[in-house]
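Heads up: the structure comes next, in structure tokens.
Please read these numbers as outputs of a predicted model, since none were measured by experiment.
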Amino acid sequence: MSDTEDQRVFVFPGDEVKEAVEASAKRKVIIGPGLRGKLKENLILATRGGELCAKRSTTFLVNSFQKRYVAAKGDTVIGYVIGKSTDTFRVDIGGSEPASLSYLAFEGATKRNRPDVHVGDILFGRLVVASGDFEPELVCLDSTGLKKDRFGVLPTDGFVFECSINLCRKMLDEKFPLTRALAKEYRFELAVGINGRIWVRGHNLRQTIGLCHAILGVEHIPRTQLEDYCRNITGELAGF
């Protein structure tokens, strides 16, 4: 379950995930997307097929080439403002229903000082409510109540593209070879939503498009060829 090729573990729906149960005996464990069950009952099952991943041996989830997004509490998402009312915005996050976003869920926002948000704007936020029984609720603040990681309205000179949720999770990993290679060679801005949307802004339009193609192209590259891909793609982007 590490990043090495010979330790990759794949599961199918219904498979029992003993690794998560065993890890919970030593430390606190979080069960992520693709898994279901109760650690107290020593039973965790996979709900979809894919690669079993362990983040720092504390968070277990199943990575798959999934494009349909199911809202989960704590997810960072990129959404489009599709409506507004007296107290809330309606935001399309790519799920089965839009999320609500309060006017007060922005840094420094008050009843008198409302955020400058309009229908059609692109937002980067975090889900604080996501349940089958409730409408998803979004905020543009981190857990401390402050703006962080560019939460809020994203600049219009960036570009948003859609991809698999699996690719988004890879790009959120600071140790992923492409993430490290691009960060080392170029200055650009990046916002990754777990809902299958990525926003990129380079120092000009050509570089922005090049970065988008570089990220999309890495999804199906075998791990044994990742380093070569990163070297080649950073060399190609040098001319942008």
Side-chain angles (χ1 to χ4, degrees), residues 1-10 32-34 50-59 61-67 69 75-80 93-94 121-126 142 147-240:
M1 289 179 295
S2 69
D3 288 337
T4 56
E5 188 76 26
D6 57 344
Q7 294 182 349
R8 299 177 71 184
V9 176
F10 293 88
E51 181 183 357
L52 179 65
C53 297
K55 305 293 184 180
R56 302 183 183 88
S57 297
T58 58
T59 300
L61 55 91
V62 177
N63 261 342
S64 59
F65 294 99
Q66 170 188 349
K67 287 197 172 181
Y69 175 63
D75 281 357
T76 56
V77 296
I78 294 175
Y80 308 110
I93 59 173
D121 283 348
I122 303 170
L123 291 172
F124 184 50
R126 179 174 60 89
D142 69 2
K147 182 178 179 180
K148 184 182 178 183
D149 298 329
R150 191 172 273 288
F151 285 154
V153 178
L154 295 171
T156 56
D157 56 345
F159 184 79
V160 176
F161 62 91
E162 299 193 359
C163 58
S164 73
I165 294 173
N166 177 61
L167 179 56
C168 290
R169 294 193 186 280
K170 287 181 178 180
M171 291 303 299
L172 282 171
D173 185 356
E174 295 179 355
K175 295 182 179 180
F176 186 56
L178 183 64
T179 307
R180 290 186 299 175
L182 294 178
K184 182 179 179 181
E185 297 291 336
Y186 305 101
R187 295 185 64 182
F188 63 96
E189 295 177 77
L190 180 74
V192 180
I194 296 298
N195 56 334
R197 293 172 182 166
I198 296 178
W199 174 88
V200 180
R201 180 169 73 167
H203 72 266
N204 59 41
L205 179 59
R206 287 193 62 194
Q207 188 187 71
T208 297
I209 294 174
L211 288 166
C212 292
H213 283 296
I215 295 170
L216 282 170
V218 78
E219 181 163 18
H220 300 291
I221 300 296
R223 294 190 181 212
T224 54
Q225 300 176 20
L226 264 179
E227 296 296 337
D228 289 337
Y229 176 84
C230 293
R231 277 195 300 271
N232 293 335
I233 202 68
T234 51
E236 292 177 12
L237 285 172
F240 284 20

What verdict does the salt bridge (Lys or Arg N to Asp or Glu O under 4.0 Å) test give for E51 and K170, after you've listed the backbone C-alpha separation in whole Å, the side-chain angles of each residue and the deciding distance to 0.1 Å? CA-CA 12 Å; E51 181 183 357; K170 287 181 178 180; over 6 Å; no
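If you take CG on D75 and CD1 on I165, they are separated by 8.5 Å, rounding to the nearest 0.5 Å. Atoms CG and CZ, on L205 and F159 in that order, are 9.5 Å from each other to the nearest 0.5 Å. A distance of 8.0 Å separates CG of L178 from CG of L226, quoted to the nearest 0.5 Å. L216 CG to C163 SG: the interatomic distance, rounded to the nearest 0.5 Å, is 6.5 Å. Atoms CD1 and CG, from I194 and L172 in turn, are 4.5 Å apart once rounded to the nearest 0.5 Å. For the atom pair CH2 (W199) and SG (C212), the distance works out to 10.5 Å, reported to the nearest 0.5 Å.
For Y229 (side chain) and A214 (main-chain N/O), a donor-acceptor pair under 3.5 Å exists by modelled atom type. At distances below 3.5 Å, not a single donor-acceptor pair connects side-chain atoms of D157 with backbone N or O atoms of R201. Looking at Y186, its side chain does come within 3.5 Å of a backbone N or O of T234 through a donor-acceptor pair.
Residues R197 and G79 approach most closely at NH1-CA, 3.6 Å, considering heavy atoms. The nearest pair of heavy atoms linking F161 to I215 is CZ-CG2, 3.9 Å. Of all non-hydrogen atoms in E174 and R180, the two that sit nearest each other are O-CG, 3.0 Å. Across G34 and V62, no two heavy atoms sit closer than the pair O-CG2, 3.6 Å. Of all the heavy atoms in G193 and I78, the pair that sits closest is N-CD1, 3.9 Å.
When each of I93, V160, D121 is tested with Y80 by the rule side chain to side chain contact (heavy atoms under 4.5 Å, CB included), just one qualifies, namely V160. V200 pairs with exactly one of V192, L190, I209 by the side chain to side chain contact (heavy atoms under 4.5 Å, CB included) rule, that one being L190.
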